Amino acid sequence: MQRILWGRKTSSNVMKALWTLGELSLPFERIDVGGSFGKTDTPHYRGMNPTGLVPTLQEGEFTLWESNAIARYLVNAYAPGSSFFPDDARERANIDRWMDAQQTVLNRPMSAVFWGLVRTPADQRDMGAIAQSIADTAKAWAMIEPKLAQHAYIAGDKFTLADIPWGVHAHRWFGMDYLGLERPEFPALRAWYGRLCERPAYQEHVVGCPIT
């Protein structure tokens with residue numbers, strides 16, 4: 001079966017899917033779409049993904065969009081019952097809420113920081129707005145700091161799908177040092193980021209991707 005992931009590798013949402021594929025050692029082909037590559041408004045792509053966003057997973061006639069849904073599907077389909085996404089309903093619910101919280105709590109302010117510092121020329125940056133976004137992003141990271149002070153990973157002592165959505169953005173959070181990003185220090189968060197950096201799939205699909 002041919003497996004294709006549609007989306008540019010620099011997209012944080014595409015990184016979630018790539019990282020999951022890497023953790024599961026699943027073969028795939030990736031096709032660049034989105035951003036400067038365009039092609040997400042074509043009838044073919046919209047037929048697979050009506051949102052026109054990335055990523056989209058294609059396995060034969062089956063297609064799936066939404067990054068967190070793709071991560072869950074891959075584990076359910078190819079590593080059922082694994083510690084990544086255990087069968088226990090309460091353990092799954094805990095993982096689910098943290099995955100969703102990345103979308104509802106972290107994504108907006110973190111994206112504003114990234115766009116403000118990385119994708120906006122220095123002479124056009126609204127530093128007041130960026131400072132506020134940094135403060136709002138720090139509040140989101142502060143939510144998981146106590147969890148990581150108690151356990152090695154967000155959902156407990158083992159790496160799970162809960163770590164993937166937050167982990168993609170952690171690399172950006174710590175990787176923007178070269179732009180002079182001033183932020184509160186979270187020791188447990190930084191230690192967790194260090195543990196993620198030891199994972200080969202994270203190294204390949206997140207750390208190995210330029211922050212652009």
Side-chain angles (χ1 to χ4, degrees), residues 1-79 84 99-100 102-122 124-126 130 133 137 161 163-173 175-176 178-179 196 199-212:
M1 175 185 62
Q2 185 181 29
R3 181 180 297 109
I4 300 173
L5 187 72
W6 297 76
R8 68 191 191 282
K9 65 181 181 179
T10 54
S11 160
S12 59
N13 286 325
V14 175
M15 288 179 192
K16 296 180 198 176
L18 289 171
W19 183 5
T20 306
L21 287 162
E23 289 287 348
L24 300 177
S25 300
L26 294 174
F28 65 94
E29 174 189 356
R30 186 182 58 79
I31 297 177
D32 280 319
V33 295
S36 62
F37 296 100
K39 304 177 186 177
T40 54
D41 285 329
T42 64
H44 177 258
Y45 191 81
R46 289 282 180 159
M48 295 188 296
N49 184 343
T51 70
L53 302 174
V54 293
T56 298
L57 177 71
Q58 182 182 23
E59 291 183 336
E61 297 300 315
F62 173 73
T63 60
L64 184 65
W65 41 273
E66 284 296 329
S67 55
N68 286 355
I70 290 171
R72 293 182 183 110
Y73 161 73
L74 290 170
V75 173
N76 283 329
Y78 301 105
F84 289 166
M99 293 181 76
D100 291 349
Q102 179 272 314
Q103 298 278 44
T104 58
V105 179
L106 177 69
N107 194 58
R108 181 194 58 78
M110 184 67 208
S111 295
V113 175
F114 179 72
W115 276 89
L117 289 177
V118 176
R119 294 188 176 169
T120 302
Q124 298 177 26
R125 293 172 187 160
D126 183 339
I130 291 172
S133 295
T137 304
L161 285 181
D163 297 289
I164 287 179
W166 292 79
V168 165
H169 290 283
H171 178 60
R172 288 183 169 182
W173 182 244
M176 287 190 285
Y178 75 99
L179 293 168
L196 295 183
R199 305 187 72 86
Y202 187 71
Q203 278 284 344
E204 179 178 359
H205 297 297
V206 182
V207 177
C209 186
I211 300 176
T212 58

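All values derive from a computational prediction rather than experimental measurement.
When the ring pair (Phe, Tyr, Trp, His ring centres under 6.0 Å) test is applied to F28, no partner is found at least two apart in sequence or on another chain. With sequence neighbours excluded, no residue forms a ring pair (Phe, Tyr, Trp, His ring centres under 6.0 Å) with Y45. Applying the salt bridge (charged side-chain N to carboxylate O under 4.0 Å, His left out) rule to R30 yields the partners D32; only residues at least two apart in sequence or on another chain are considered. Qualifying side chain to side chain contact (heavy atoms under 4.5 Å, CB included) partners for E66, counting only residues two or more places apart in sequence or in other chains: A69, Q103. Among residues two or more places apart in sequence or in another chain, the side chain to side chain contact (heavy atoms under 4.5 Å, CB included) test is passed with P121 by D123, Q124. Looking at residues two or more places apart in sequence or on another chain, you find a side chain to side chain contact (heavy atoms under 4.5 Å, CB included) between D126 and A129. The ring pair (Phe, Tyr, Trp, His ring centres under 6.0 Å) search around W6 returns H44, not counting sequence neighbours. Every residue two or more places apart in sequence or in another chain that forms a side chain to side chain contact (heavy atoms under 4.5 Å, CB included) with Q203 is listed here: C197, V207.
Taking each heavy atom of G22 and A201 in turn, the nearest pair found is C-CB, 3.6 Å. The two atoms that bring K39 and T42 nearest to each other are O-OG1, 3.2 Å, heavy atoms only. In this structure, L161 and P165 approach most closely via the heavy-atom pair O-CD, 3.0 Å. Annotation for I70 and A17: closest pair CG2-CB, 4.0 Å, computed over non-hydrogen atoms. Residue G7 comes nearest to V54 through the heavy atom pair CA-CG1, 3.8 Å, listed as atom of the first residue, atom of the second, then distance. Across every non-hydrogen atom of L196 and Y202, the tightest pair is O-CD2, 3.2 Å.
Within the structure, every pair that satisfies the salt bridge (Lys or Arg N to Asp or Glu O under 4.0 Å) test and touches residues 8-28, not counting sequence neighbours, is listed here: E23-R199. For residues 202-212, the set of pairs meeting the salt bridge (Lys or Arg N to Asp or Glu O under 4.0 Å) definition, not counting sequence neighbours, is empty. Residue pairs meeting the salt bridge (Lys or Arg N to Asp or Glu O under 4.0 Å) criterion with at least one member in residues 44-60, sequence neighbours excluded, are R3-E59, D41-R46. Each ring pair (Phe, Tyr, Trp, His ring centres under 6.0 Å) pair with one or both residues in residues 49-71, not counting sequence neighbours, appears once here: F62-Y73.
Distance check: F37 CZ to I31 CD1 gives 12.0 Å after rounding to the nearest 0.5 Å. Atoms CD1 and CG, on I130 and L117 in that order, are 4.5 Å from each other to the nearest 0.5 Å. A distance of 6.5 Å separates OG in S12 from CG in N107, rounded to the nearest 0.5 Å.
Residues L74 and L57 have side chains in contact (heavy-atom distance under 4.5 Å, counting atoms from C-beta outward). For the pair R72 and M99, the minimum side-chain heavy-atom distance is below 4.5 Å.
Put simply, the side chain of N49 gets close to the backbone of L53: a donor and an acceptor are under 3.5 Å apart. With T137 contributing its side chain and M110 its backbone, the two residues share a donor-acceptor pair below 3.5 Å.
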Exercise. Does the side-chain contact (heavy atoms from CB on, under 4.5 Å) test come out yes or no for I211 and H171, once each step is laid out?
Worked result: CA-CA 9 Å; I211 300 176; H171 178 60; 3.9 Å; yes
Problem set entry | side-chain contact (heavy atoms from CB on, under 4.5 Å) assessment of L24 paired with V75 | CA-CA 8 Å; L24 300 177; V75 173; 4.1 Å; yes
Problem set entry | Chi angles and distances behind the side-chain contact (heavy atoms from CB on, under 4.5 Å) call for N68, D100 | CA-CA 8 Å; N68 286 355; D100 291 349; 4.2 Å; yes
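Within 6.0 Å of the CZ atom in R125, the count of heavy atoms belonging to other residues, nucleotides or ligands exceeds 12.
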